[in-house]
Amino acid sequence: MKQKDEKNQSQSDRALKIIPVTLLVFALCGLSFYLGGIFCSEKSLLEGKIVQELSKAVSSPEYSAENALQIKSVTFSECSIDYQDYTPCTDPRRWKKYGYHRLTFLERHCPPLYERKECLVPPPVGYKPPIRWPKSRKECWYRNVPYDWINKQKSNQNWLKKKGEKFLFPGGGTMFPKGVGAYVNLMQDLIPEMRDGTVRTAIDTGCGVASWGGDLLDRGILTLSLAPRDNHEAQVQFALERGIPAILGVISTQRLPFPSSSFDMAHCSRCLIPWTEFGGIYLLEVHRILRPGGFWVLSGPPINYEHRYQGWNTTIEEQRAALEKLQDLLTSMCFTVYATQDDIAVWQKSSDIGCYEKLTGPDVYPATCDDSIEQDAAWYTPLRPCVTSPRQKLKRSSVGSLPKWPQRLNIAPERISDVPGGSGNALKRDDSNWKVRAQHYKKILPAIGTDKVRNVMDMNTVYGGLAAALIDDPLWVMNVVSSYSANTLPVVFDRGLVGTYHDWCEAFSTYPRTYDLLHLDGLFAAESHRCHMKYVLLEMDRILRPEGHALIRESSYFMDAIETIAKGMRWNCHKEDTENSGEKEKILVCQKTLWYASSTNSTR
């Protein structure tokens, strides 16, 4: 009996020992799934540990630059010369993996981690430092954008002409054979708001070589040219080579990476977007990003079809029906005809809430979007077949009610109240801070403010403070707001600046060698738990022009590691104090060197 009791006791002890072990196993499994949800599933365990250490070090009250992150020296090989125009998330080599319906293959499809390139993208053979602004608006080096197809196909329309070592841009276009200047003059006659600062921001869908956007710069209108990646025309690359704001993008199945009510005007000059197909969903997206009271300008089919239809290889009846269908669709979205003359038609988006209230019935199409659909969600967000209604509480955010340019730059917009901690006083403090910073930047990088710096990217802006501080310099700024941070991009647009949402764990929507200056402010401290530093820096190298600069304002903890990777990318860097001369934060001033591909070291 005693032996039996001892036996039962030993079994009970073993059971009690097993239970905690079992619980521990389940707890560890649960923890691993939890951590897997936080960190990218493709990252290694070692990277996860490093991320934890970085977060602790940066946030620790005992923080000291003495414990700065150190990494081993690294050298990156050259990519094959075939990758001279490599755009990782819109790579034609990967198009066959995706569907052709609604051109979804042209949307962003970023490669998984195991397919990412860890090599340096070479410039084309014969590449030269770009011609400086404003001369670059009229000409660029052929070898920098060596695309013969567009020259052969479009030279008769005066898009561009090859002469010797250069491409020349006469300012022509399919719908403005008399030149872009005459075309815009007529447009301003139809839309007087383009002359007095009422219209400040515009988007050009299907931009060609961005002649329309380039002309508007002298008229005080900042235009973002939009076109998809293609194998032949490289429209966005031509635009940026000329110093004109542009970004890769296509209206397909996902929203464009802009908040609602961003642009004062949208333009399509024979952009070949099928506006009335698929229930008008492409036009609904233009409606979403267009500010109430804003203008949609269309030239090309079916406008002026009575005089143009024969050149379009169609019939007058087909074009009449197409125009009627377009007009009915626009009316159903609360657009009204504003003006028409010759090849140009202008509609205005209504700011009258009464019109949108009529779109709430069960049998109405398109109906207004319900409250569950976030108007500003625009990073990998599907297009919605509904009308975005103006927010009733916003009384001074429509075209005509916003302050005119340039006054609107320095007046706190209504939508700043949507930002946690946002207010008019917060904007004033931010602007004052950036004025001081910009002055300091010009001391440590004298090229800023000269014709050596034209295309600038603020990689993680808040309110566009750097762009505002540099507004009088001969440059433009692409203001990037993280898709994971507070939504401040509406404020940027309301101020009369332009920008985009982006996640720096992925490649940016642009061609290689398209920016003269990259600026970041605490990006690695904010995103190191998600984004691998090496890949962010390699992406910066891809989009930075040879001999271009990077201003990396960052926690001192990361400085040595950043400098080590930059050296491996053939950058020349030196550290500078911030304007406050503090120790916790430093500025790394880097310049990318100009080098050419060598056949022996190139890798695919």
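This is a predicted model, so every value here is computed, not measured.
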Worksheet item: Pairs in or reaching into residues 514-523: which pass side chain to side chain donor-acceptor pair (under 3.5 Å), with residues at least two apart or in two chains?
Response: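 Of all non-adjacent pairs touching residues 514-523, those that pass side chain to side chain donor-acceptor pair (under 3.5 Å) are Arg437-Asp521, Tyr441-His519, Asp458-His519, Thr510-Thr514, Asp516-Arg545.
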[X] side chain vs [Y] backbone, donor-acceptor pair below 3.5 Å:
X      : Y      : result
Glu78  : Ser598 : yes
Lys592 : Leu544 : yes
Arg513 : Gln84  : yes
Thr90  : Arg229 : no
Asn479 : Gly464 : no
Ser262 : Phe258 : no
Ser555 : Tyr557 : yes
Arg553 : Ile587 : no

Scan side-chain atoms only and decide if [X] and [Y] contain a donor-acceptor pair under the 3.5 Å cut-off.
X      : Y      : value
Asp541 : Trp571 : yes
Asn144 : Glu241 : yes
Ser211 : Tyr183 : no
Tyr511 : Arg542 : no
Ser225 : Gln235 : no
Ser260 : Thr388 : no
Glu107 : Thr253 : yes
Ser509 : Arg108 : yes

So with a 6.0 Å cut-off around [atom1] of [X], is the heavy-atom count from everything else above 12?
X      : atom1 : answer
Lys452 : NZ    : no
Arg143 : CZ    : no
Glu165 : CD    : no

Heavy-atom closest contact ([X] atom, [Y] atom, distance):
X      : Y      : value
Arg242 : Val209 : NH1-O, 2.6 Å
Pro88  : Glu539 : CG-OE1, 4.5 Å
Phe558 : Ser528 : CZ-OG, 3.9 Å
Asp343 : Ile303 : O-CG2, 3.5 Å
Leu594 : Pro546 : CD1-CB, 3.5 Å
Gly243 : Ser136 : N-OG, 4.4 Å

Discussion item. Can you classify the ring geometry of His267 versus Trp212 as parallel (below 30°), tilted (30 to 60°) or perpendicular (above 60°)?
Written reply: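 Plane angle under 30°, so parallel.
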Item to complete: Quick one: sort the Phe508 and Trp504 rings into parallel, tilted or perpendicular, breaks at 30° and 60°.
Response: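 Ring orientation, 0 to 90° scale: parallel.
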Worksheet item: What's the spacing between Ile543 CD1 and Asn455 CG if we round to 0.5 Å?
Response: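 With rounding to 0.5 Å, CD1 (Ile543) is 11.0 Å from CG (Asn455).
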Discussion item. Does the Lys NZ or Arg CZ of Arg137 fall within the cation-pi geometry relative to Phe169 - under 6.0 Å from the ring centre and within 45° of the axis?
Written reply: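 Here Arg137 fails the 6.0 Å and 45° test against Phe169.
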Practice prompt. Validate the cation-pi geometry between Arg93 and Tyr83: distance from NZ or CZ to the six-membered ring centre under 6.0 Å, angle to the ring axis within 45°.
Written response: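 Yes, a cation-pi geometry holds between Arg93 and Tyr83.
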Practice prompt. Give the C-alpha distance, both sets of side-chain angles, the deciding distance and a yes or no for ring pair (Phe, Tyr, Trp, His ring centres under 6.0 Å) between His529 and Phe524.
Written response: CA-CA 9 Å; His529 66 290; Phe524 295 112; over 10 Å; no
Worksheet item: So, do Tyr596 and Tyr127 have ring centers that fall under 6.0 Å from each other?
Response: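 Aromatic pair excluded; centres sit 6.0 Å or further apart.
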Item to complete: Report yes if the distance between the aromatic ring centroids of Tyr142 and Tyr147 is under 6.0 Å, otherwise no.
Response: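 Ring-ring flag for Tyr142/Tyr147: false, centres at least 6.0 Å apart.
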Is any side-chain heavy atom of [X] less than 4.5 Å from a side-chain heavy atom of [Y]?
X      : Y      : result
Thr205 : Ile273 : yes
Ile221 : Thr201 : no
Arg288 : Arg255 : yes
Ile565 : Ile71  : yes
Leu217 : Trp476 : no
Ile203 : Thr223 : no
Cys531 : Tyr535 : no
Pro259 : Leu489 : yes

Practice prompt. Determine, stepwise, if the pair Leu283 / Leu329 fulfils side chain to side chain contact (heavy atoms under 4.5 Å, CB included).
Written response: CA-CA 9 Å; Leu283 200 52; Leu329 189 61; 4.1 Å; yes
Discussion item. Checking Glu527 against Ser482 for the side chain to side chain contact (heavy atoms under 4.5 Å, CB included) test, could you report, in this order, the C-alpha distance in whole Å, the side-chain angles of both residues, the deciding distance, and whether it holds?
Written reply: CA-CA 9 Å; Glu527 301 282 16; Ser482 170; 2.9 Å; yes
Discussion item. My understanding is that only residues two or more places apart in sequence, or in another chain, count here; which of them pass side chain to side chain donor-acceptor pair (under 3.5 Å) with Asn487?
Written reply: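 For Asn487 the side chain to side chain donor-acceptor pair (under 3.5 Å) partners, ignoring immediate neighbours, are Asp376, Tyr501.
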Worksheet item: Met559 and Leu588: side chain to side chain contact (heavy atoms under 4.5 Å, CB included), yes or no, with the steps?
Response: CA-CA 7 Å; Met559 274 293 153; Leu588 198 64; 3.7 Å; yes
Discussion item. Please identify which of these residues, Tyr282, Trp275, Phe263, meets the ring-ring contact (aromatic ring centres under 6.0 Å, His included) condition with Trp296.
Written reply: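 Checked Tyr282, Trp275, Phe263 against Trp296; only one passes ring-ring contact (aromatic ring centres under 6.0 Å, His included): Trp275.
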Flag the pair [X] and [Y] as a salt bridge only when some basic side-chain nitrogen lies within less than 4.0 angstrom of an acidic carboxylate oxygen.
X      : Y      : value
Glu118 : Lys534 : yes
Glu563 : Lys567 : no
Glu115 : Arg94  : yes

Fill in: Candidate pair Lys135 and Asp451, rule salt bridge (charged side-chain N to carboxylate O under 4.0 Å, His left out), full reasoning
CA-CA 10 Å; Lys135 194 176 180 181; Asp451 60 3; over 6 Å; no
